[in-house]
Amino acid sequence: MNYIIYLIKSSLEDFRRNKVRTFLTSLGILIGVLSVILLVSFGLGLKKYINQQFESLAPNLLRVVPGKIFAGGSFRAGPGSLGTIRFDEKDIQRIKRIKNLDYTIPTLTKTITVRAGRNSELTDFFSSSEDLFSALNIEAEYGEIFAKADVAKKNKIAVLGPKIAEKLFGDSRAAVGNNIKIENQSFKAIGVTKSKGGGGFGGPDFDSYIYIPYKAGYIFDPDKKFIAIIAKVNSEKNIDQAKRDIEEVMLTRYSEDDFSVIKQTDLLSAITSIFSIINLVLVAIAAISLIVGGIGIMNITYATVTERIKEIGIRRAIGARKSDILIQFLAESVILSLFGGIVGLALAWIVVFFVQRVFPAYINIPTIALALGVSSAIGVIFGVFPAKKAADLSPIDAIRYE
Amino acid sequence: MIELKNICKDYVVGNETIRILHDISLTIKDKEFVGIMGSSGSGKSTLMHIMGFLDTPTKGTILLDSKDVSRLSDDELSQVRNEYVGFVFQQFNLINNLTVLENVMLPAIYSRKRFKYSIRKKALELLRRFNILERKDYLPNKISGGQQQRVAIARALIMNPKIIFADEPTGNLDSKNGEEIINLLSELNRDFGVTIVIVTHEKYIANKTKRQLFIKDGTLVKK
């Protein structure tokens, strides 16, 4: 009989005789591991979801926005972010002259009421140029998207996201060719975009937007201002240079604190870092239940030691060393804790499997290692005190114990 | 083989110190068959525990093969118990969640020695010799007292010890089973040269041994 096999066998034998106790003890660890793993997997899912949302936008985009944000990698609201600064067509023309830019897109978004027949909805419009569609990878599902000429001619036409089209017309296909009223201005719906998913978790909800040519959009903003400018760089390697060039151009008209030029990756890392911190806090709270579970294991191991003092004495009499007794009880608490960890992990896996239908949560290898590592560590940390107590019993007192 | 010199043992009960053993000196020689007699409370079990390295004396020296064991560490004492000594107790003291065979093999699990022979084979051989081979997969509480005590003797023998200490080995058995156990121990001494020390209060058992020591109120008395 090998020493390790023997240790495991005698622990399992003990659990078999105390099924209910074993189950209740490992339940604490089970719940702890389950909640930690679920939160970690949801956090991973959230990160993946945000990444997906960003990937769905075309790469190599620079955004010029009011205010100073992402200074030193974090948010800091400057005076510009309060909405005092907005951009105009002059800025567009100047940025357009910078080399390595494929196109420069003005954008104005606003929350508006849109009506079609009796249906009325509150949504956002995107007043922009025809290049917006290629910058954001938006294609028409039905009808068509507007063209350069539509912008120049100030045509009062609109392209609808599939969600808003369906809300207004019941069926998104039916929207094409019909008139809608945006804040009582009549626009003709010429197309419905393909669904891009998203929305729901605070991300941009492209499927609910209404897109109109920006020159037609001036009727909603007599100042003819934009709240953001999107610039598409021709190649990834030119992004940093283009960013510096745009900043230089903008500085001729605005002060440094009035605007920011943001890379897609800055935005992504800022958002994911915020969510990571929130997730970490949640995981830390859930980890408290692991400590509670560990205390349960310590409690029951103390009880087991007391129950088996005589047995410890017998083992010592036939030659077991202190370390043999220590290892025996440690093995029991680790196996107990690991058992809770494995079942918790399995349950988390099942939950994640079902959640995946609506949200991209997932469990990766480090998460599994975390679950098994943490539950073994808890077994050791909370098992060592009772095991030490068992090992330190004097052989003669233990064997005389009744 | 084992030599006790001026052994005293005190117990502290509350504020009082009680001396259980008074200045005991004795020698157990190789291949001896010794009976330690005495009434209950006379200190004979304590003496056996000290001789068997389970307990430590308050005063005095113990020599094992002429070496002083008082300086041995706890681990070294464990090793001595494991390799030199076998115990047989009145209440059998088998481990109830291990099978008969596993109980017999248990001392070998704790040994750091490399065995030249198969422990399992040897355990089965002992069980066969003691007529309990068919009980090898039973748990101890499912077999009779006589059988349990034979398992305990098999366990005591698995490491080929130099000496076996038996503390009232028949105390929990009927006379027929008791006699079998005593005969078995005599055989081990006669045929295999195992040194045996039996602690008992029964005259007829002591009479089977080759030398008797009497202990009264913690001192050895001549008879």
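As the structure is a prediction and not an experimental result, all values here were calculated from the model. Residue numbers start from 1 in every chain, and the chains themselves are labelled A, B, ... in the order their sequence lines are given, proteins ahead of strands.
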Do Glu332(A) and Arg308(A) pass the salt bridge (charged side-chain N to carboxylate O under 4.0 Å, His left out) test, and can you show the C-alpha distance, the side-chain angles, and the key distance before you say yes or no? CA-CA 13 Å; Glu332(A) 288 197 15; Arg308(A) 291 162 69 182; 3.0 Å; yes

Salt-bridge present (Arg316(A), Asp74(B); N to O < 4.0 Å): yes

Which atoms of Leu54(B) come close to chain A, meaning under 4.5 Å heavy atom to heavy atom: side chain ones, backbone ones, both, or neither? both

Residue Gln91(B) versus chain A: region with a heavy atom under 4.5 Å: side chain

Taking Phe53(B), Tyr110(B), Phe87(B) one by one, which has the highest count of heavy-atom pairs under 4.5 Å against chain A? Tyr110(B)

Within the 3.5 Å criterion, strictly below it, is a donor on Ser45(B) or Asp167(B) matched to an acceptor on the partner's side chain? yes

Going by distance alone, is a donor N or O of one side chain under 3.5 Å from an acceptor N or O of the other, for Ser70(B) and Asp68(B)? yes

Of all of Val80(B), Thr56(B), Leu94(B), Asn97(B), which one pairs up most often with chain A through heavy atoms under 4.5 Å apart? Asn97(B)

Pair Glu307(A) + Arg21(A): basic N to acidic O under 4.0 Å: yes

Are the side chain of Asn51(A) and the backbone of Lys47(A) linked by a donor-acceptor contact shorter than 3.5 Å? yes

Can you tell which part of Arg400(A) gets under 4.5 Å to a heavy atom of chain B, answering side chain, backbone, both or neither? side chain

Tell me, for Phe89(B) versus chain A, whether the close heavy atoms (under 4.5 Å) come from the side chain, the backbone, both or neither. side chain

Top of Ser10(A), Pro395(A), Ala320(A) for chain B proximity - count of heavy-atom pairs under 4.5 angstrom: Ala320(A)

